[in-house]
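What follows is a short report on a single structure.
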Amino acid sequence: MKVTKETIEHVANLARLNLTEQEKEKLTTEMEDIISYVDKLNELDTSGVSPTAHVIPIKNVFREDEAKASYDREKILANAPSTENGCFKVPKVVE
Amino acid sequence: MELYELTAHELSDLIKDKKASAVEITESLLNRIEETENKVESYLTVCKEEALAKAKEVQARIDKGEAKSPLAGIPMALKDNMCTEGIATTCGSKMLENFIPPYSATVVKKLAEEDAILLGKLNMDEFAMGGSNENSYFKKTKNPWDLERVPGGSSGGSAASVASGQAVFSLGSDTGGSIRQPAAFCGVVGMKPTYGTVSRFGLVAFASSLDQIGPLTKDVTDCALVLNAITGHDKMDSTSADIQYPDYTKALLNDVKGMKIGYPKEYLGKGISEDVKKAVLDAIDTYKSLGAECEEFSLPITEYAIPAYYLIACAEASSNLARYDGIKYGYRAAKYTDLLDLYKQTRSEGFGAEVKRRIMLGTYALSSGYYDAYYKKALQVRTIIKQEFDKAFSKYDFIIGPTTPTTAFKLGEKTANPLEMYLEDIYTVSVNIAGLPGLVVPCGKDSKGLPIGLQLIGKPFDESTLLRAGYTFEQNTEYHKMRPQI
């Protein structure tokens with residue numbers, strides 16, 4: 001599989017990363033190496049094999065919907081990079 | 001013998017016989033950290049005052065006959081991806097450099113309930129991605145056997161601290177070998193329990209279908225003691241298994257007579273160093289001489305385990321790490337133009353190169369047009385891997401093999417080529433993919449004097465058989481007594 005600079009830019013945008021030109025170049029080569037290597041899986045015939053997302057058969061773990069006290073607002077906000085009036089502060093979202 | 005050199009069960013006996021107090025033991029460990037930390041660099045945070053205060057409090061309760069756990073008064077340390085309320089939890093990343101968790105992980109609470117003493121938080125590859133600790137944002141931990149070599153990773157600090165007497169035991173996490181590989185490199189015992197055995201609540205997520213917490217200890221008895229403390233169902237982790245958990249110390253029997261052991265020929269094939277191969281074959285001979293039946297078998301899927309692993313792990317990581325957006329906690333870039341740019345700048349500045357590489361690979365594997373070819377394909381291969389192990393376990397009580405192809409490598413030796421570093425995980429990743437338990441015990445040294453780790457792989461939820469086999473090995477060899485000179 002050929003990895004192009006355009007592919008890297010597209011994936012970086014999906015992953016919300018800004019890459020420098022140098023990073024893009026390096027990642028293009030590295031990703032191509034890695035993806036050519038993982039293409040090895042195509043040697044295996046997996047038709048009719050069902051995928052395993054999870055190894056232990058646990059399904060639909062429910063609990064009662066009960067109201068409980070949560071963490072203190074101050075304690076949670078203490079880790080936030082920017083706050084105002086007890087809220088997380090972010091740049092303007094809606095124009 | 002200094003107190004810091006002893007195992008948890010030896011120290012527990014001393015406490016019981018009033019020959020040492022929790023305070024004296026904690027002081028011995030803290031002094032050892034002070035003396036050796038400039039060389040080994042295992043710790044990101046040392047909680048000196050808190051540890052001493054806790055030791056005093058625990059000793060007072062031991063004196064009153066209240067603190068009865070075998071881990072009461074035993075000083076230990078945690079990989080820095082387990083949340084500790086009020087104590088920094090960085091995950092080895094600039095992204096979480098200033099993160100102080102508002103709550104503690106379930107394992108942290110469980111060890112506190114056993115009255116173990118928390119000495120501090122241990123270095124790791126950023127977000128547990130790496131096999132050398134060279135991906136930590138903060139420092140490079142050294143292998144106590146040779147300070148020019150890596151301790152392994154990602155739980156490198158967890159292994160190096162136990163090997164060098166800076167912690168009696170530690171907890172690490174293992175997504176593709178991150179407990180077992182550093183345990184092998186540093187000559188300590190490491191266990192990755194069956195997926196779902198130990199609660200992951202409060203563990204910073206890397207790849208949620210693979211991650212599992214486990215102990216690193218000086219011997220198999222300590223491993224059983226720590227497992228007893230940390231296993232169990234947790235309603236805060238919906239993937240934790242709701243089963244009856246055994247008393248793991250009951251498995252500590254010096255007897256493997258009649259046990260059936262399989263060793264995959266693919267694990268002793270190309271790529272393995274002669275020293276490692278010889279040590280593993282010697283261990284097989286030891287088991288034979290003790291009355292076990294050992295047989296070679298084929299696990300042909302082995303060569304496909306690494307590509308499947310990196311696709312699954314990176315896909316899950318790219319999704320899990322989407323939460324680091326600079327809004328609610330963690331790093332935020334100083335300069336940005338709008339909300340989208342805030343996300344991008346924050347993530348670009350906050351993550352290191354390996355984390356970005358894996359997010360990119362995972363995002364690619366999950367992106368439109370590639371999902372079936374990569375992610376779904378990897379999950380299908382996972383089914384085949386699991387089936388091959390199931391088939392093997394219909395014949396064998398457990399599987400034996402090497403942990404790593406080589407012993408600890410030099411700092412900087414493998415950083416240039418990420419793919420080469422990934423290939424090091426050949427013997428460990430299948431165990432995570434199939435959700436199995438894996439125990440590593442020291443089984444020799446190579447010509448350079450570096451430790452070699454034997455890997456025992458078990459049936460799901462059958463940690464007890466591995467502990468029994470590991471314990472028997474220890475009782476009949478001296479490798480678990482090897483300690484590095486620092």
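Per chain, numbering begins at 1; letters A, B, ... match sequence-line order.
- Only the side chain of A/L27 comes within contact range of chain B, judged by heavy atoms closer than 4.5 Å.
- For B/L311, the part sitting under 4.5 Å from any heavy atom of chain A is the side chain, from C-beta outward, and nothing else.
- Contact of A/T7 with chain B is made through the side chain alone, with heavy-atom distances under 4.5 Å.
- Between chain B and the residues A/L44, A/I76, A/V93, the most heavy-atom pairs under 4.5 angstrom are made by A/L44.
- Side-chain contact between B/P460 and B/Y195: absent, with no pair of heavy atoms (C-beta onward) separated by less than 4.5 Å.
- Of all the listed residues (A/N13, A/N18, A/V38, A/V11), the one sharing the greatest number of non-hydrogen pairs under 4.5 Å with chain B is A/N18.
- The aromatic rings of B/Y370 and B/Y364 sit parallel to each other, their planes meeting at less than 30°, with 60° as the upper class boundary.
- Interface residue B/P418: only side-chain heavy atoms are found under 4.5 Å from chain A.
- When heavy atoms are compared at a cutoff of 4.5 Å, A/L77 does not approach chain B at all.
- Using non-hydrogen atoms only and a strict 4.5 Å limit, the part of residues 380-392 of chain B facing chain A consists of B/Q380, B/V381, B/R382, B/T383, B/I384, B/K386.
- No donor-acceptor pair under 3.5 Å is formed between the side chain of B/Q212 and the backbone N or O of B/P193.
- When only modelled atom types and interatomic distance are considered, B/T231 and B/T197 share no side-chain donor-acceptor pair under 3.5 Å.
- Residues A/D39 and B/Y374 bring a donor and an acceptor atom of their side chains to less than 3.5 Å of each other.
- In this structure the side chain of B/S209 reaches within 4.5 angstrom of the side chain of B/I312, judged on heavy atoms.
- Annotation: B/Y422 is not in aromatic contact with B/Y309 [ring centroid separation under 6.0 Å not met].
- Between B/K335 and B/Q345, the closest side-chain pair of non-hydrogen atoms is not below 4.5 Å.
- Residues B/T89 and B/D80 are in side-chain contact: their nearest non-hydrogen atoms beyond the backbone lie under 4.5 Å apart.
- Of the listed residues (A/T83, A/I56, A/L14), the one with the most heavy-atom contacts under 4.5 Å to chain B is A/I56.
- Chosen from B/E316, B/K328, B/K235, the residue pairing most often with chain A at heavy-atom distances under 4.5 Å is B/K328.
- Two residues are said to be in side-chain contact when any heavy atoms from C-beta on lie closer than 4.5 Å; B/T346 and B/Y324 fail this criterion.
- Only the side chain of A/K26 comes within contact range of chain B, judged by heavy atoms closer than 4.5 Å.
- Neither the backbone nor the side chain of B/E420 comes within contact range of chain A; no heavy atoms are under 4.5 Å apart.
- Residues B/F127 and B/R358 form no side-chain contact, since every pair of their non-hydrogen atoms from C-beta on lies 4.5 Å or further apart.
- Looking at A/E21 and A/K5, a side-chain N of the basic residue comes within less than 4.0 Å of a carboxylate O on the acidic one, giving a salt bridge.
- Looking at heavy atoms from C-beta onward, A/T28 lies out of side-chain contact with A/T4 at the 4.5 angstrom threshold.
- Taking chain A as the reference chain and counting heavy-atom pairs below 4.5 Å, the highest number among B/S238, B/G196, B/A378 is found for B/S238.
- Looking at B/E349 and B/K94, no side-chain N of the basic residue comes within less than 4.0 Å of a carboxylate O on the acidic one, giving no salt bridge.
- Of the atoms belonging to B/L96, not a single heavy atom falls under 4.5 Å from chain A.
- Only the side chain of B/I301 comes within less than 4.5 Å of a heavy atom in chain A; its backbone stays farther off.
- B/S318 does not touch chain A: none of its heavy atoms, backbone or side chain, sits under 4.5 Å away.
- Proximity to chain A is limited to the backbone of B/S240, based on heavy atoms less than 4.5 angstrom apart.
- In this structure, the side chains of B/M421 and B/N135 stay at 4.5 Å or more apart for every pair of heavy atoms.
- Within the 4.5 angstrom heavy-atom criterion, only side-chain atoms of B/Y336, from C-beta onward, approach chain A.
- Contacts between B/I327 and chain A at a heavy-atom distance below 4.5 Å involve backbone atoms as well as side-chain atoms.
- Put simply, the side chain of A/T46 never gets that close to the backbone of A/V49: no donor and acceptor are under 3.5 Å apart.
- Checked by atom type, the side-chain pair B/E126/B/S93 shows a donor-acceptor distance below 3.5 Å.
- By a heavy-atom distance cut of under 4.5 Å, A/V61, A/Y71, A/K75 are the residues of residues 61-75 of chain A near chain B, going up by number.
- For the 3.5 Å distance criterion, the side chains of B/R323 and B/Y329 fail to qualify, holding no donor opposite an acceptor.
- In this structure, A/K40 is positioned above the aromatic face of B/Y304, its NZ or CZ under 6.0 Å from the six-membered ring centre and within 45° of the axis.
- Both the backbone and the side chain of B/T239 come within contact range of chain A, each with at least one heavy atom under 4.5 Å from a heavy atom of that chain.
- Your options are B/R357, B/M360, B/E303, B/R347, and the one with the most heavy-atom pairs under 4.5 Å with chain A is B/M360.
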